[in-house]
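Please read the structure below before turning to the comments.
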Amino acid sequence: MVKLDKVRLVSQLYGELSEQEKLAFARLIASDGLMAAVPGIQTIEDFLKDAHVGPMKCPHCGSLHVKKNGVVNGRQVFRCNECKRKFRYSTNTIFKSAKKGLGLFMDYVHCMMEQLTVRKAAARCRISKKSSFFLRHKLLDALQGMEDSVILDGIVEGDETFFSLSFKGNHREEKNFKMPRKPHKRGTAVHTRGLSKEKVCVPCVVNGDSKSFARVCCLGAPKATEMAGLLNGRVARDSVFCTDSTHAYDILAKKDGFRHVKIPSGRRVRGGYGIQRVNGYHGMLKGFMYVFHGVATKYLNNYLVWFNLSRFANGSEATIEGIWNMFNATAAYQGSKRTYMKRPIIAPAA
C-alpha cells in the first residue's frame, strides 16, 4: 500500500509539470539507463530505428541482402546473407555497447552546445571525468563525417591560422612519453620565434552562407602541395576564392579551376572582395579554444569541427543541436577507448 501511494504521489506531481519540465524529467530518468513511459522519451533502439532511412544494409560488407534474425533483450538482430555476420541498429555507431540511456547522449550534446569543459559536462551529466572525455571525443570523431562532406561555393575566403604545438594530457596517460621539445606553460610564448615547428598550421575557408572548413595541415609554414592537398575539392569550381598572396592558393586555383582573387600583402580588400570574414572566423576560433585552457594538438581537428557546427553554422542553437543528435544516429563509427589512447601526437592532415 505504501509503494502504491508513492507511485500515485509521483504521478500527481508529474501531471503538474510543464511540457519542458516533463522532458527534463524524462531525460533525467533516461540518463540513469531506466525506462520511462513519459512523453518525449525514447530508447536508443527506437531512436536508431526512427532515424534509419532506406533499405537495411550490412555495416560489415555493405550488402543489401539482410534479414531479421530474432530479438535479443528487446533489440532487433539482423543477419547478412553475404558475409553471414549478425548486427543490430547500433552496430558501428556511437551507441554500440552503450551502458547508459539515450538521455545521456542528448544531455551531453546539449552541454557541448553550451561549450562546457569536460569537468563541467561530467558534473552536469553525473558521470566521471574520464567518461566525459571519452564521450566527448566519440561524438566529435563521428562528427568528422559531416565535415568531410563540406563544399563551399559563392564568394569563399581562405587563410591559415596557427596554434602552439601542445602535448596536453600525454604525460599522465603515457608512461614512456618523452617531450620532444623543451616544456613550457600553456598560454606562454613558444621558444622559437616565427613560423617554427612549434606552431601548428590550420588552413580555414568560409563563405557568405556560414559554411566553413578547417583542419590541421602541418607544423610550421605550409608547403604549397600540403595546402593544395588539404583543400582540394573543398571549393566549388564556379566560386570566387579570395586569399592572401600565399603561393599555395595559386596551385589550388589552377588545379580546381575556380576564379582566384589575391589580396596584396598589407591589405584586406581588393575591389569588392576581401578576407575580413575569414579573419573574423580566426578571432572567434581562438576565443572558442581559450575556454578549454589549451587543446592537445592530436585532438585539435575534433575541436575545429565542433566549432564549425556550433558557432559558425546557419540556424538556431536548438536546430543545430537537433541536427547533431540525428547525425549521431546515422554516422558510422568504429572507434574505441584505445583509439584515443594510442592516437598519434600529430593528427594526420586527411
So, does [X] use its side chain to make a donor-acceptor pair with the main chain of [Y] at under 3.5 Å?
| X | Y | result |
| --- | --- | --- |
| Glu157 | Val278 | yes |
| Asn207 | Asp153 | yes |
| Thr43 | Asp46 | yes |
| Asp209 | Lys211 | no |
| Asp244 | Thr246 | yes |
| Ser132 | Val118 | yes |
| Ser63 | His65 | yes |
| Thr297 | Ser166 | yes |

Are [X] and [Y] joined in one hydrophobic group, where the rule is that I, L, V, M, F, W and Y side chains link up if heavy atoms are under 4.5 Å apart?
| X | Y | value |
| --- | --- | --- |
| Phe87 | Ile44 | yes |
| Leu48 | Val109 | yes |
| Phe163 | Val291 | yes |
| Ile151 | Val205 | no |
| Leu304 | Met284 | yes |

Quiz prompt | side chain to side chain contact (heavy atoms under 4.5 Å, CB included) between Glu160 and Tyr249, intermediate numbers included | solution = CA-CA 11 Å; Glu160 62 276 8; Tyr249 297 120; 2.7 Å; yes
From [atom1] ([X]) to [atom2] ([Y]), nearest 0.5 Å:
| X | Y | atom1 | atom2 | result |
| --- | --- | --- | --- | --- |
| Asn302 | Leu139 | CG | CG | 10.0 Å |
| Phe327 | Ile94 | CZ | CD1 | 9.5 Å |
| Met113 | Glu321 | CE | CD | 6.0 Å |
| Met56 | Gln76 | CE | CD | 8.5 Å |
| Leu152 | Phe213 | CG | CZ | 9.0 Å |
| Cys217 | Met227 | SG | CE | 6.5 Å |

Exercise. May I ask you to decide whether Asp250 forms a salt bridge with Lys262, counting only side-chain N to carboxylate O separations under 4.0 Å?
Key: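 Yes.
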Quiz item: Can a salt bridge be assigned to the pair Glu114 and Lys120 using a cut-off of 4.0 Å between side-chain N and carboxylate O?
Solution: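 Salt bridge flag = no for Lys120 with Glu114.
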Practice problem: Let me see the working for Tyr333 and Asn328 under side chain to side chain contact (heavy atoms under 4.5 Å, CB included), right down to the final yes or no. | Solution: CA-CA 9 Å; Tyr333 177 78; Asn328 290 335; over 6 Å; no
For the [atom1] atom on [X], are there more than 12 heavy atoms of other groups (residues, nucleotides or ligands in this structure) within a distance under 6.0 Å?
| X | atom1 | value |
| --- | --- | --- |
| Lys286 | NZ | yes |
| Arg85 | CZ | no |
| Lys84 | NZ | yes |

Practice problem: Can you see which heavy atom on Leu309 is nearest to which on Ile320, and at what distance? | Solution: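 Nearest pair, atom of Leu309 first, then Ile320: O-CG2, 3.4 Å.
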Quiz item: If you take all heavy atoms of Leu104 and Leu135, which pair is closest and at what distance?
Solution: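 Minimum heavy-atom separation between Leu104 and Leu135: CG-CD2, 4.3 Å.
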Quiz item: Taking the six-membered ring for Trp, are Phe307 and Phe288 parallel (under 30°), tilted (30 to 60°) or perpendicular (over 60°)?
Solution: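 It falls in the tilted class, 30° to 60°.
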Quiz item: Once the angle between the rings of Trp306 and Phe292 is folded into 0 to 90°, is it parallel (under 30°), tilted (30 to 60°) or perpendicular (over 60°)?
Solution: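 Rings of Trp306 and Phe292: tilted, as their planes differ by 30° to 60°.
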Quiz item: Could Lys100 and Phe95 be counted as a cation-pi pair, given that NZ or CZ must be under 6.0 Å from the ring centre and within 45° of the axis?
Solution: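 Here Lys100 fails the 6.0 Å and 45° test against Phe95.
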Practice problem: Answer whether the closest heavy-atom distance between the side chains of Phe47 and Met106 falls below 4.5 Å. | Solution: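 In contact.
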Quiz item: Taking C-beta and beyond as the side chain, do His282 and Phe162 meet within less than 4.5 Å on heavy atoms?
Solution: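 No, their side chains stay 4.5 Å or more apart.
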Quiz prompt | Tyr281 vs Asn308, side chain to side chain donor-acceptor pair (under 3.5 Å): CA-CA, chis, key distance, verdict | solution = CA-CA 10 Å; Tyr281 174 93; Asn308 286 337; 2.4 Å; yes
